[in-house]
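Note sheet for the following structure.
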Amino acid sequence: MENILQYAITGLSQGSLYALVALGVVLVYRANRVLNFAHGDITTVGAFAAFMLLAAGIPWWLAFFLAILLGAAIAMVFYFGILIPAQRREANHLGMVILTLGFGLIMQALVLKFGDLEPQTFPFPLSDSETFNIGGVVISHLSLGTLIFGILGSFGFYLLVQKTPIGLAMRATSENLAAAQTLGIPTRRVLALSWGLAAGLGVMAGLFLAAVLFLDPPFMMEPFLKGFAAAILGGLNSLPGAIVGGLILGVAEALAGGLISVAFKNTLAFLIIIFVLLFKPEGLLGTEFIERV
Amino acid sequence: MSQVAETGREQLAADKPPLLKIANIETLYFDRIYALHGLTLTIREKEIFAVLGPNGAGKTTLLKTVAGLLKDQPNKGTIEFEGRRIHRLAPERISGRGIVFVPEDRGLFRELTVKENLEIGCWGRRGKEVKDDLEFVYELFPILAERGEQQAETLSGGQQQMLAIARALLRRPKLLMLDEPSLGLAPLVARSVYDALVKIAEIGTTILLVEQNAKLAFSIADYGYIMEAGRIVLEGTSAELQENEDVQELYLGLGGDEDSSKGWRLYKKRRTW
């Protein structure tokens, strides 16, 4: 029983990071109905930038802040510089998805060219080896920090989208673009903000993940796919769904890894994708599967 | 008839400056299908204009072209609003000039609440003015105040139309364009929507509406245009149009003993008015 509690706590901590990644995927999907396959790679650039800044002696809080800004800026450059011109030439959804894939490859190449390629430990203000012991359940400082940050981050983001005028504009624009335009909402700026915010959330998650995993160029591949699975599980157009999906996936993974086999841990995400798409394609909290034309 | 219309228009045109001037526009779908074919019309300030015509005449296309919702259209011709060119501007900028479009499907944010829909209408505006405007729309449509927390998609058709109009009003439009505001509404509900439009016009908003229901449209419009195959084929004041035999026959159902299907056959045969 204690074991299960232990797995659940570890899983929640990991899941809160999946939730942050999934929020970014869902945010962009809602904005442009595009699955952003560059999400993980933009995050990688941010994490490497943070590492290089830290190596240059910049305090961690400033380095993290700048890395998040960089990630957001890259995503907005992609939106304004590539996606809007493509839309002007009437690119379809598949075309736009492929553009994100291509952009992701370019980001990977940039990391390979300018990043330090040796897998390295990412210096992080929270330790992964020091632990708290709460009633027999052991949790590292980093895991606890991740969990708290993930929950606060998701909640803060939720408030931003649900309770502020800019969040309202984001929701309106993602639901009915033409109507938002005729009401004079600067839809392009609003959508660009969605892209920037998504990437910013991704980099935040990436910084925590880099502290757990080794920092090497493809390190975000797996978390991105997990975030993607979490987004599908929760419903691709549902922000609360992304959070719920991330947490469920994290716990399910930890339980599967602990009780069945560690080898099974990574397969689980893909099994979940397959099962959700077969039996509940709109996801747990999603409302849309067949696109309205 | 056309002469009467001409003189009528000249007289009125002399009184008020044009707000919207559409000259010879062509709008194409898929680069080859003409939806508007050399259309010209003028909208004067502070009046209610109605555009009538059969399905497929291009009425909705006309409003969408003015609102800037059709990419790279109009293909030819000019649209001027308050003397400044607006054709081919982005829809956000056209809205910024003071033209707000309420589409046939109402264009509501269905997942947002009534209140949130109205808040979006106030985008970029602040202060006491907004409060006054909100008070005005709640007075106009009291039901919206009652349903504030409800999701827009749960409203009835009439309430949705009221919400769409209220939201558009909060932009303080100089020109309010409505696509078939009576579509799908019970006669009494349609009537109350139209009564609201009259009140909106009274505060100085110019209204351009597209309708299938000619009787309803004539009941509030000052001036009307009849559209067919992408062109204006007839125009005049409401009174003039209602006296026109063709309009009576084809739009008002006053074609004597002939049943309507016969009327439509006649309509098809008569290509020129």
Side-chain angles (χ1 to χ4, degrees), chain A residues 26-27 29-31 33 80 84-92 158-194 235-241 282-283 285-289 291-293, chain B residues 30-31 60 63-64 66-72 89-113 115-126 130 151-153 160 163-173 175-179:
Chain A
V26 169
L27 197 57
Y29 180 77
R30 281 167 53 106
R33 299 291 182 277
F80 277 120
I84 288 184
Q87 282 176 330
R88 221 176 268 141
R89 290 172 181 77
E90 308 194 339
N92 59 16
Y158 180 77
L159 285 185
L160 174 78
V161 171
Q162 291 294 329
K163 301 287 173 196
T164 65
I166 189 74
L168 185 60
M170 282 165 66
R171 281 185 290 151
T173 305
S174 71
E175 197 197 311
N176 192 334
L177 181 67
Q181 285 175 322
T182 55
L183 291 168
I185 292 168
T187 50
R188 281 193 180 158
R189 268 179 278 163
V190 170
L191 294 178
L193 186 75
S194 296
L236 258 180
N237 68 342
S238 164
L239 294 168
E282 72 279 11
L285 301 177
T287 50
E288 175 190 69
F289 179 63
E291 265 174 36
R292 270 166 279 173
V293 180
Chain B
F30 311 113
D31 293 331
T60 299
L63 296 191
K64 283 190 176 168
V66 174
L69 289 172
L70 302 175
K71 208 170 127 284
D72 296 334
L89 288 186
E92 294 92 330
R93 294 187 58 196
I94 292 173
S95 170
R97 295 274 176 91
I99 300 179
V100 179
F101 172 50
V102 178
E104 191 182 298
D105 68 0
R106 342 265 199 229
L108 293 177
F109 303 116
R110 302 171 61 83
E111 287 169 20
L112 305 190
T113 64
K115 231 174 158 179
E116 286 173 330
N117 267 281
L118 293 175
E119 270 172 46
I120 283 282
C122 304
W123 177 263
R125 298 179 61 206
R126 256 183 221 106
V130 180
Q151 275 190 327
E153 65 183 344
Q160 288 191 8
L163 177 57
I165 294 171
R167 193 183 61 179
L169 275 184
L170 292 170
R171 295 274 306 154
R172 283 255 174 135
L175 174 63
L176 178 62
M177 300 196 295
L178 303 132
D179 194 357

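Every chain is numbered from 1 and lettered A, B, ... according to where its sequence line falls, protein lines coming before strand lines. Atom set for the values below is all heavy atoms of this structure, side chains included, hydrogens, waters and symmetry mates excluded.
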What distance separates [X] [atom1] from [Y] [atom2], expressed to the nearest 0.5 Å?
{"X": "A/Asn176", "Y": "B/Ile120", "atom1": "CG", "atom2": "CD1", "result": "11.0 Å"}
{"X": "A/Thr173", "Y": "B/Phe109", "atom1": "OG1", "atom2": "CZ", "result": "6.5 Å"}
{"X": "B/Lys64", "Y": "A/Thr182", "atom1": "NZ", "atom2": "OG1", "result": "11.0 Å"}

At a 4.5 Å cut-off on heavy atoms, which part of [X] comes close to chain A: side chain, backbone, both, or neither?
{"X": "B/Ile94", "result": "neither"}
{"X": "B/Arg93", "result": "neither"}
{"X": "B/Leu170", "result": "neither"}

**Request:** State, to 0.1 Å, how close A/Leu183 and B/Ala168 come at their nearest heavy-atom pair, and which atoms those are.
**Result:**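 In this case the closest contact between A/Leu183 and B/Ala168 is CD2-CA, 4.5 Å.
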**Asked** OH of A/Tyr158: more than 12 outside heavy atoms within 6.0 angstrom?
**Response**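 No, because the 6.0 Å sphere around OH of A/Tyr158 holds 12 heavy atoms or fewer from other groups.
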**Request:** Evaluate whether atom NZ of B/Lys71 has more than 12 neighbouring non-hydrogen atoms of other residues, nucleotides or ligands under 6.0 angstrom away.
**Result:** yes
**Prompt:** For the candidates A/Ala169, A/Gly184, A/Ala179, which exhibits the highest count of non-hydrogen atom pairs separated by less than 4.5 Å from chain B?
**Reply:** A/Gly184
**Item:** Side-chain donor or acceptor of B/Glu116 paired with backbone N/O of A/Leu168 under 3.5 Å
**Value:**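 A pair under 3.5 Å: no.
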**Item:** Any B/Glu111 side-chain heavy atom under 4.5 Å of A/Arg171 side chain
**Value:**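 SC-SC contact between B/Glu111 and A/Arg171 ruled out.
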**Asked** Are the charged groups of B/Glu92 and A/Arg188 less than 4.0 angstrom apart, N to O?
**Response**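 The answer is no: the pair does not qualify as a salt bridge.
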